[in-house]
Amino acid sequence: MKHFAAESLVQALKTLHQQGVIPEVPAHLDFDRPRQVEHGDLASNIALLLARSAGLPPRNLAERIREALPDSPWIKRVEVAGPGFLNFFLHPVALQRVIAEVLTARKDFGRQSLGLGQKIHLEFVSANPTGPLHVGHGRGAAYGASLAELLRYAGFEVFCEYYVNDAGRQMDILAASVFLRYVEAARQSLPWPFPASAYRGEYVCEIARGLYEREGKGFLFALEGAPDLTGYADGDQAIDALIAHLKSVLGEEAYLRLHGAGLQEILADIHADLEDFGVRFDHWYSERTLMASGAVHAAVQALEAAGFCYEEQGALWFRSTAFGDDKDRVLRRENGAYTYFASDVAYHYEKYQRGFTGFIDMWGADHHGYIPRVRASLEALGLASERLEVLLVQFANLYRGSEKVSMSTRAGEFVTLRQLREEVGNDAARFFYVLRRADQHLDFDLELATRHSEENPVYYIQYAHARVHSLHRQGSERGLAEATELPDLTLLTEPKELELAALLWRFPEQVRSAALDREPHQIAFYLKDLAASFHTYYNATRILVEQPQLRWARMALADAVAQTLANGLALLGVSAPTQM
RNA sequence: GCGCCCAUAGCUCAACCGGAUAGAGCAACGGCCUUCUAAGCCGUAGGUUGGGGGUUCGAUUCCCUCUGGGUGCGCCA
């Protein structure tokens, strides 16, 4: 919609530039959408911005600009207001035109071509496969999936990846936990109480039972000679001792089967859970594979070759402080094993070699301390660290009424994403997750979400969409003819109709802005606005009137609203039902 | 202690990278169903944008400071 005023304004500014009134024509013009109708459809503050360099009072300059504006079929009138704003009042034709545009473009109304061949790598969720996804992961999943859709719609090529932390100690702890439950599944009692540092969730028992059914008592012998876990003061030491024992008595092959039993089952569960949630990845990147391929070794060597490494106390350190980090970081431990950070360096190094133009990492907000060191590693490797964008997603706190639900993966006390979806439904869950900015804490009250499920804002928007389809059904029942071609849109002269049309023009701009800001919530808020505006119109104005031309024009407007709602909901992964 | 994020109506949140009189939803109060779905609409009330300074035509937005929350500071992942 801004283009209606922008063309004229550029012309006017060029004229004034030629006359020597202003030193230069700004490269970029921005318009505001005034809150007040008296301030027109579009407002420009250009006179306020150029007043100083032009040496003119803002209002005088605004008046000069106004006089220099060429006639335009789209602009009804322009006013100078306030401290020097130029308020553009558009001709109704400019507003009505959007309806034809929506009905021509259909699913593509709002689609942008901002990407210009840019390929963006988007990494999100990447939860450790040590248990089912919980409500915190759900937020990252919903946010990432919506952002991916949004970026694609804005014209970027997007590659979604889940980084699977399938190596490392947490997975070993899972394997040990599975083993302990396996012993129980075989009706053997443990010589000591189930250790506190092991995973206690019910899913571990299920995995263990499956393992027992497949493998029989084949792993039971490993219980013999197991260290006395009660003998350790520290729970972490106890579980590590057990892990070491299992690795040595089972041997590499059998231990891997035990390890894999948990990993594969949990990964499959996460995959299915996300799939059901409408969240799909192009690739699941295994940390294990990364290490096995030698990529970690290669990345560390590259850092060494670049001259940013040193050895101290038997460990290999990366001099990240050379790039602004708080302290240097260990890459390879005294015991020869690479750190998690080393894998991360390798993973990002490898990402950069895959030909993407930009990278977006979506991390839990508690990982923000990692940003400086990852950036440092990229810079040390001679890579453009500014091409990596890290989006931090704040926690989702769960409440039952006023009581906070404490969640701990280890203790198995958490509400899973699946439970949440079953309680409130996919649509409501997807919508609620992206209803607030990612950098805001999200308080999700389960009780409220269940109790007021029919009051969810998502239904409000879906209802608006369904109402349009209901109009078609109603019209057909009454034997009213539908339009066979684009009706005369100039019949739409009601203020509410023009307001709705103006709102439709805003959608493409909102897509652009939401994509560039990486803020899907902008779309959610826009849809609420559009739905509200339509409900108001629906209540105030009869659409299925006798007069065919007017009826068709109003139905065209309603169709355009429904299409835009559907397009926006699709970006958020929410369905657009034709009937409630 | 140091770093990062946050603070807006009673509650949950917006505010188009500095714009005009800070907006929605819920909760509260009062209206609207013999007329296209009342999962809806209309109206009323609700604010010193945590406090205090500064920058300028103009600040919720940028800078400083204080207060109050969150989070991070491992040879864990």
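Side-chain atoms are counted along with the backbone in the values below, which use heavy atoms only and exclude waters and symmetry mates. Just so it is clear, the model here is predicted, and its values are computed rather than measured.
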Find the partner of [N]: check Watson-Crick (N1-N3 plus N6-O4 or O6-N4) and G-U wobble (N1-O2, O6-N3) distances, both under 3.5 Å, and reply none if neither fits.
N	result
B:rG72	B:rC2
B:rC26	B:rG10
B:rG18	none
B:rC41	B:rG31
B:rC62	B:rG54

_Residue closer to the 5' end of RNA chain B, A:Ile543 versus A:Tyr338 (nearest nucleotide)_ = A:Ile543

*Which residue, A:Arg436 or A:Tyr538, contacts RNA chain B at a nucleotide closer to its 5' end, judged by nearest heavy atom?*
A:Arg436

Counting just side-chain N and O atoms, does [X] come under 4.0 Å of either OP1 or OP2 of [N]?
X	N	value
A:Arg437	B:rA15	yes
A:Thr536	B:rG40	no
A:Tyr460	B:rC41	yes
A:Arg35	B:rA20	yes

Would you say the base of [N] and the side-chain of [X] have a donor-acceptor pair closer than 3.5 Å?
X	N	answer
A:Asp32	B:rA15	no
A:Asn45	B:rG19	yes
A:Gln313	B:rC75	yes

The side chain of [X] is closest to which nucleotide in this list: [options]?
X	options	value
A:Gln474	B:rC36, B:rC76, B:rA39	B:rC36
A:Arg333	B:rC76, B:rC13, B:rU21	B:rC76
A:Gln394	B:rC76, B:rG19, B:rC5	B:rC5
A:Arg542	B:rA15, B:rU35, B:rC57	B:rU35
A:Lys327	B:rG74, B:rC75, B:rC36	B:rG74
A:His521	B:rA39, B:rA15, B:rC36	B:rA15
A:Asp366	B:rC17, B:rA39, B:rG72	B:rG72

Interatomic distance at [atom1], [N] relative to [M], whole Å:
N	M	atom1	result
B:rA15	B:rG23	P	14 Å
B:rC17	B:rC29	C1'	40 Å
B:rC42	B:rG47	C1'	24 Å
B:rU21	B:rA59	P	10 Å
B:rU71	B:rC75	P	22 Å
B:rU48	B:rG1	C1'	34 Å
B:rA45	B:rC26	C1'	15 Å
B:rU12	B:rU8	P	8 Å

_Aromatic plane relationship, A:Trp284 with A:Tyr162 - under 30° parallel, 30 to 60° tilted, over 60° perpendicular_ = parallel

*Could you tell me whether A:Arg66 and A:Glu63 make a salt bridge, using a distance below 4.0 angstrom between a side-chain N and a carboxylate O?*
yes

_Residues A:Asp517, A:Gln522; criterion side-chain hydrogen bond (donor to acceptor under 3.5 Å, both in side chains); working and verdict_ = CA-CA 9 Å; A:Asp517 295 344; A:Gln522 289 184 22; 3.2 Å; yes

*Do the numbers put A:Arg77 on top of the ring of A:Phe89, so that NZ or CZ is under 6.0 Å from the six-membered ring centre and no more than 45° off the axis?*
yes

*Regarding A:Arg467 and the six-membered ring of A:Phe534, is the cationic atom NZ or CZ under 6.0 Å from the ring centre and inside 45° of its axis?*
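No cation-pi geometry.
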
*Is A:Phe85 stacked on the base of B:rA20, with ring centres under 5.5 Å apart and planes under 30° apart?*
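Yes, the aromatic ring of A:Phe85 stacks with the base.
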
*asked:* Check for me: is A:His39 stacked on B:rA20 by the 5.5 Å centroid and 30° plane-angle rule?
replied: yes

Separation of [X] atom [atom1] from [N] atom [atom2], in whole Å?
X	N	atom1	atom2	result
A:Tyr459	B:rC41	OH	C1'	21 Å
A:Asn128	B:rC76	CG	C1'	11 Å
A:Phe341	B:rC76	CZ	C1'	15 Å
A:Leu61	B:rC57	CG	C1'	14 Å
A:Leu42	B:rC16	CG	P	16 Å

*Taking it one step at a time, do A:Glu161 and A:Tyr347 satisfy side-chain hydrogen bond (donor to acceptor under 3.5 Å, both in side chains)?*
CA-CA 12 Å; A:Glu161 192 160 271; A:Tyr347 178 46; 2.6 Å; yes

*Would you classify B:rC33 as syn or anti? Syn applies when the glycosidic angle is within 90° of 0.*
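Glycosidic conformation of B:rC33: syn.
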
*Verify side chain to side chain contact (heavy atoms under 4.5 Å, CB included) between A:Val574 and A:Gln462, making sure each step is shown before the conclusion.*
CA-CA 9 Å; A:Val574 178; A:Gln462 291 179 320; 3.6 Å; yes

*Reckon A:Phe525 touches a base, only the sugar-phosphate, or nothing at all at heavy-atom distances under 4.0 Å?*
sugar-phosphate

*Taking the six-membered ring for Trp, are A:Phe507 and A:Tyr526 ring centroids under 6.0 Å apart?*
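Judged by ring-centre distance (under 6.0 Å), A:Phe507 and A:Tyr526 do meet the cut-off.
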
